[in-house]
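Here the structure is laid out as structure tokens; the discussion comes afterwards.
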Protein chains: 2
Amino acid sequence: MARRSEHSHDEIKRMVLEASETIISEEGFAALTVRRIALEIGYTVGSIYMVFENMADLILHVNARTLDDLSRALEEISPAAGLEQTVVDLAKAYLNFSGSNFNRWRLIFEHQLPKNAEIPSWYQRKADAAFYRVESLFRQLNPDLPEIEIRAGARALWGGVHGICILSLTGKSAAIELSDVESSIILLVENFLQGWKAR
Amino acid sequence: MARRSEHSHDEIKRMVLEASETIISEEGFAALTVRRIALEIGYTVGSIYMVFENMADLILHVNARTLDDLSRALEEISPAAGLEQTVVDLAKAYLNFSGSNFNRWRLIFEHQLPKNAEIPSWYQRKADAAFYRVESLFRQLNPDLPEIEIRAGARALWGGVHGICILSLTGKSAAIELSDVESSIILLVENFLQGWKAR
DNA sequence: ACCTGAACACCGTTCAAGT
DNA sequence: ACCTGAACACCGTTCAAGT
């Protein structure tokens, strides 16, 4: 034991992240422990601290990958006939992603960084990237509005879509069918845009 | 020690809940441990298991009290001139509550019950109660709509309000002023209702 | 240099033993 | 009967020691 050098640090990093994602997805965040990850990748606890500062740092990187996956899922949505329909399609894709990657998706919003920690800018950029499609659609939707209002509108609606996903998927408001959630989202998006266009 | 009988079980229960709320509010959920609660109320760890099944049960009761406080805060909002304005006022009150009771409010949505646990019906009723005002306003707003659509509309909008609160308060989308969040909420509510009325 | 694994200071939960 | 507190099986994190 010791001095194995079978994998580079980058490789170990990737192994840790992939193992973490599997554990989170299959058993939930509570099941994620250093010892468990170590077992899964065939190293010992200490090794994980070679490639990540601590658990918080590890989770930040797990979340970064989830944000990348989310951005990719939204980028894959091709523009529909109308701008409004594209917004609806994006919202559906967001719901779909949050449903299929529920535990990983939750973690993005639930994990609070230790006390006075700053969000690193490379992470913030990934978070903003997931917003990009919606924001640019809002710009096309109402090109004459000042940039700040466009961003506010996109943020308001997207916050709304997010909230419906959260409330329904965490099942706090009675048993709701997924099809009903989709209806709620379409309801929100269409009614909001109805009002928005009239500005 | 032992056999103190200074407090009834109901009193100890209340002491545990109040100590828990203080710890959560001031230091966050991560600081809540049985040992810490025991220290705070002047009993030992074992005592807490006399009055609550386990930590999950304790948190459920903490959340129940938060839901009660939230319902009360919303009930205090008196009807404004128009129905629309009342919805806006309720949304503002919701934002205000989530801001002033951030850590307690977060916990309602973040705490996932152990694997196959059911949400008790007494708890579900409290969760529904917080929805009541919004739902009845939607009924007044559009009395001819079938009940199921009214509920869907209320849920869609309230999910939206909730989402904006979450996204802005957890600060995942850049630094946002609280006044801007209020603007976002007003934006969402007004635009949504604009579309909703036209149904 | 790379990695181990024992050690430390914590957790939640239980339950025999004290009064 | 009421409550204690030691014991158990876990945590995250560190770091001297092995190869």
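Numbered from 1 within each chain, the chains take letters A, B, ... in sequence-line order.
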Report task. Flag the pair B:R36 and B:E40 as a salt bridge only when some basic side-chain nitrogen lies within less than 4.0 angstrom of an acidic carboxylate oxygen. Result -> yes
Query raised in the report: Taking only N and O in the side chain of B:S47, is any of them less than 4.0 Å away from OP1 or OP2 of D:dC2?
Result: no
Check the interface with nucleotides 12-14 of chain C: list each N/O to N/O pair with the protein under 3.5 Å, or write none.
residue : atom : partner : partner atom : Å
C:dG12  : OP2  : B:V34   : N            : 3.1
C:dG12  : N7   : B:R35   : NH2          : 2.4
C:dG12  : O6   : B:R35   : NH2          : 2.7
C:dT13  : OP2  : B:Y49   : OH           : 2.6
C:dT13  : OP2  : B:M55   : N            : 2.9
C:dT13  : O5'  : B:Y49   : OH           : 3.2

Report summary line: Taken to the nearest whole Å, CD1/B:I48 to C1'/D:dC3 is 12 Å
Query raised in the report: Got a salt bridge between B:R72 and B:D69, using NZ or NE/NH1/NH2 to carboxylate O under 4.0 Å?
Result: yes
Query raised in the report: What distance separates B:H61 NE2 from B:R14 CZ, expressed to the nearest 0.5 Å?
Result: 14.5 Å
Query raised in the report: If pairing requires Watson-Crick or G-U wobble contacts with both distances under 3.5 Å, which nucleotide is the partner of C:dC10?
Result: none
Query raised in the report: Short question: side chain of B:R65, backbone of B:E21 - any donor-acceptor pair under 3.5 Å?
Result: no
Query raised in the report: Do any N or O atoms from the side chain of B:E11 and from the backbone of B:S8 form a donor-acceptor pair under 3.5 angstrom?
Result: yes
Requested in this report: Using a strict 4.0 Å threshold on nitrogen-to-oxygen distance, state whether A:E135 and A:R155 make a salt bridge.
Outcome: no
Report summary line: To the nearest angstrom, the OH-C1' distance between A:Y43 and C:dC2 comes to 9 Å
**Report entry** Separation of C:dC3 P from A:M50 CE (nearest whole Å)
**Finding:** 4 Å
Report task. Please work out whether the ring planes of B:F192 and B:F138 are parallel, tilted or perpendicular, with thresholds of 30° and 60°. Result -> tilted
**Report entry** Separation of D:dT4 P from B:L39 CG (nearest whole Å)
**Finding:** 12 Å
Requested in this report: Please determine, for D:dC15, whether a Watson-Crick or G-U wobble partner exists with both distances under 3.5 Å, and give it or none.
Outcome: C:dG5
Requested in this report: Using heavy atoms and a sub-4.0 Å distance, could you list which residues of residues 8-26 of chain A are near DNA chain D? By number, please.
Outcome: none
Query raised in the report: For the side chain of B:S98 and the backbone of B:L95, is there at least one donor-acceptor N/O pair under 3.5 Å apart?
Result: yes
